[in-house]
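Keep in mind that this is a model prediction, so the values were computed, not measured.
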Amino acid sequence: MASNASHFVPLKTSDEMPRDDEPSPNSSSTSNAHTRLTPNSDFDDSDLEIGDGELGESFKLRPRGKDAEKRRELEESEDDEADGVGYRDNGHRRGSASTTQSYQLYTPDEERAVVRKFDRNLVAFVALLYMLSFLDRSNIGNARIAGLDLDLDLDSTRYEWVLTVFYVAYICFEWMSVLWKLIPAHIYVTAIVLSWGITASLQSVATSFAGLLVLRTLLGIGEAGFTGIPFYLSFFFKREELALRTGFFISAAPLATSFASTLAWVIIKIGTYCPIAPWRLLFLIEGFPSVLVAVIAWHKIADSPGTASYLTRREKKVARLRLRKEKDPREHTGKGGLKLREMLETITDPKSYLTAFMFFFTNMAFSSMPVFLPTIIHEMGHTVLVSQALSAPPYLASFFVVILTAWLSDRMQNRSIFVCFHALLSAFGYSFIALAGARGWGTWWRYAGLYPAAIGFFSVITIIITWTINNQESESKQGTGFAMLQLIGQCGPLVGTRLYPERDAPLYLSGMSICAAAMVLVAFLSLFLRFYLSRKNRGTTVAYGKIGEESDTFVSKPSRVPFKFML
């Protein structure tokens with residue numbers, strides 16, 4: 001770009017830059033190639049426009065060798081196809097704005113500014129939505145003790161069906177995770193949030209068991225579509241940034257749980273002075289805010305990095321460019337679509353099942369917490385308010401540790417170590433609770449065991465979700481892998497909630513022991529997956545090295561670094 005050369009100041013010499021035919025040690029070093037040249041402060045986006053007579057010259061170094069020209073022609077033709085560059089009749093390339101943007105560079109400060117805006121406007125908002133979702137699905141227990149079972153004639157069997165039908169619908173519609181790739185996000189999010197908000201509010205006018213059953217089914221369908229948020233966040237963040245953002249999203253669950261019971265108690269207390277039943281008021285007050293937030297979601301949710309309304313024109317370009325080395329350009333502009341071949345490859349991929357079964361066993365343990373936590377606190381002989389206060393600290397501790405774990409995992413670019421550690425931590429917590437009950441150490445010892453148990457499985461859930469998305473090469477595979485994770489993993493609660501029959505109360509020794517064994521199995525599966533991915537990485541490196549040595553063989557795109565699985 002001769003006309004734009006004055007706008008860039010070189011930071012590195014050509015001798016210090018890696019050759020294109022040499023593989024980079026990791027993905028971060030690949031992305032650093034974008035910051036070799038820094039735009040001057042007086043750079044204007046209008047400089048990107050180039051005419052038909054100007055040729056877009058790349059700053060990319062070309063490999064030497066007798067077939068260098070052949071490789072260069074292929075790279076240019078493939079880049080032109082991806083970026084939409086046309087040709088004149090004489091065969092010369094015609095420059096376009098998209099080609100220039102592909103080689104436009106940005107500073108680290110610009111990138112940090114873009115990431116901060118995504119954190120404030122996107123991550124915080126979807127965490128709020130998940131918090132509302134969690135409140136709408138879990139307030140059925142508070143409604144029951146407020147008179148729901150008496151007014152609708154719900155015996156124990158009917159109440160179990162009301163709980164079960166939600167999870168059955170939730171599991172059956174986990175495939176909706178792939179819709180994030182097909183439907184514009186602002187339309188999709190608005191639709192599902194509005195659907196569960198209306199359904200949750202309509203529970204307040206239920207007059208029969210059958211009507212409540214239908215509403216809980218619809219609620220499960222609506223919330224199932226929202227589980228794909230970590231997949232959606234991968235459209236905006238790099239692999240090494242995703243765990244922390246997923247951590248913020250997942251940690252909304254323990255944060256909501258820490259105050260949900262107290263909020264429900266206040267609403268029910270107010271309901272005693274209202275003409276409608278307290279449980280109806282509870283459903284209405286906790287459900288209707290989702291309807292209002294759905295309107296905000298239409299304007300707040302961005303379909304892709306280039307369409308975020310809170311970014312400037314320059315920041316939108318940086319948001320796209322910083323992900324260019326990780327994605328097909330057509331994918332992060334919303335033009336990639338789903339590829340059936342890649343979806344089928346994911347379904348037959350062993351690592352998809354390894355992470356899914358890790359998620360299954362973790363959810364077994366996770367679903368048991370609400371079962372025995374009220375029992376332990378009730379045995380302490382405290383009032384309702386004190387019991388609510390004692391139930392909050394384990395969840396609050398989980399909230400902070402999940403965020404810290406996710407941050408460390410991103411910083412170290414490692415997933416398996418943290419899954420293994422926290423799975424064993426959770427197993428220790430369950431084992432300690434069982435041991436304290438068997439030895440008669442008292443309820444305070446059992447209560448102490450709640451902290452490592454809760455901290456462990458919440459952290460494991462966060463890292464497993466991120467690990468699944470990280471280790472799929474394309475968005476089609478990410479969507480399919482995430483759907484498999486949820487479809488298999490969400491069956492865990494169906495098993496976990498049945499590990500605590502009434503006859504085992506109040507110690508539930510067998511249930512605690514099974515949950516501890518399940519978390520130990522998660523730790524072993526994480527180590528096995530690490531070994532499996534490590535072998536695949538070594539095989540890819542060897543194959544890539546052999547290709548580089550074939551000087552007489554014409555190789556497509558030799559400058560692209562092979563996909564490296566995150567361990």
Side-chain angles (χ1 to χ4, degrees), residues 24 26-37 39 45 48 58-60 78-79 82-84 97-119 121-123 126 180-181 184-185 228-246 301-339 342 410 413 466 468-479 481-482 557 559-566:
S24 300
N26 51 46
S27 60
S28 62
S29 63
T30 304
S31 62
N32 289 339
H34 289 297
T35 58
R36 300 297 186 188
L37 302 176
D45 289 325
L48 290 176
S58 155
F59 285 103
K60 191 175 183 181
E78 291 186 352
D79 287 339
D83 292 334
S98 61
T99 305
T100 310
Q101 290 170 15
S102 298
Y103 295 101
Q104 179 187 351
L105 305 174
Y106 52 86
T107 66
D109 288 339
E110 285 181 309
E111 183 175 19
R112 282 191 291 268
V114 168
V115 172
R116 282 195 296 268
K117 284 194 174 183
F118 281 145
D119 286 337
N121 294 276
L122 184 62
V123 178
V126 296
W180 290 91
K181 199 71 179 67
I229 282 291
F231 172 46
Y232 168 67
L233 293 177
S234 70
F235 300 168
F236 299 83
F237 295 98
K238 296 179 179 179
R239 297 172 72 198
E240 62 270 19
E241 300 169 342
L242 191 57
L244 180 59
R245 279 73 197 180
T246 304
I301 294 295
D303 297 337
S304 65
T307 61
S309 60
Y310 40 82
L311 297 182
T312 65
R313 184 182 176 191
R314 168 65 180 168
E315 287 171 338
K316 290 177 182 178
K317 297 182 190 300
V318 174
R320 293 194 302 267
L321 289 171
R322 73 188 208 94
L323 298 176
R324 186 173 184 270
K325 290 294 183 181
E326 300 195 356
K327 298 178 182 290
D328 187 309
R330 292 166 293 183
E331 287 189 329
H332 56 71
T333 56
K335 301 177 182 178
L338 288 173
K339 299 177 178 62
E342 294 182 353
D410 275 346
Q413 297 188 38
T466 310
T468 300
I469 297 173
N470 283 159
N471 285 334
Q472 299 294 349
E473 297 93 324
S474 67
E475 288 183 354
S476 295
K477 290 187 175 183
Q478 287 174 349
F482 188 82
K557 278 290 188 186
S559 63
R560 288 192 183 276
V561 178
F563 185 86
K564 299 286 268 187
F565 296 103
M566 189 171 288

Handout entry: Partner residues of Arg116 under the salt bridge (Lys or Arg N to Asp or Glu O under 4.0 Å) criterion, sequence neighbours left out
Key =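 Once residues adjacent in sequence are excluded, Arg116 has no partner under the salt bridge (Lys or Arg N to Asp or Glu O under 4.0 Å) criterion.
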Exercise for the section: Sequence neighbours left out, what passes side chain to side chain donor-acceptor pair (under 3.5 Å) with Glu241? Give chain and number order. Expected result: Arg322
Completion exercise
With sequence neighbours left out, the residues meeting side chain to side chain donor-acceptor pair (under 3.5 Å) with Ser309 are none
As an exercise, state the distance from [atom1] of [X] to [atom2] of [Y], rounded to the nearest 0.5 Å.
X: Lys477; Y: Ile469; atom1: NZ; atom2: CD1; value: 15.5 Å
X: Phe482; Y: Gln472; atom1: CZ; atom2: CD; value: 12.0 Å
X: Thr466; Y: Phe237; atom1: OG1; atom2: CZ; value: 12.0 Å
X: Ile229; Y: Ile301; atom1: CD1; atom2: CD1; value: 6.0 Å
X: Arg245; Y: Lys238; atom1: CZ; atom2: NZ; value: 11.0 Å

Could you tell me if the side chain of [Y] sits less than 4.5 Å from the side chain of [X], heavy atoms only?
X: Glu475; Y: Phe235; value: yes
X: Leu233; Y: Phe118; value: no
X: Ser474; Y: Lys339; value: no

Who passes side chain to side chain contact (heavy atoms under 4.5 Å, CB included) against [X], sequence neighbours left out?
X: Thr307; result: Ala302, Asp303, Ser304
X: Lys316; result: Leu311, Arg320
X: Asn121; result: Lys117, Lys300, Tyr310

Completion exercise
For Leu122 and Tyr232, the nearest pair of non-hydrogen atoms, with its separation, is CD1-OH, 3.5 Å
Practice task
Return yes if some donor-acceptor pair links the side-chain N/O of Asp410 with the main-chain N/O of Leu244 below 3.5 Å, else return no.
Solution key: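 Yes, the answer is positive, given that a donor and an acceptor are paired below the 3.5 Å cut-off.
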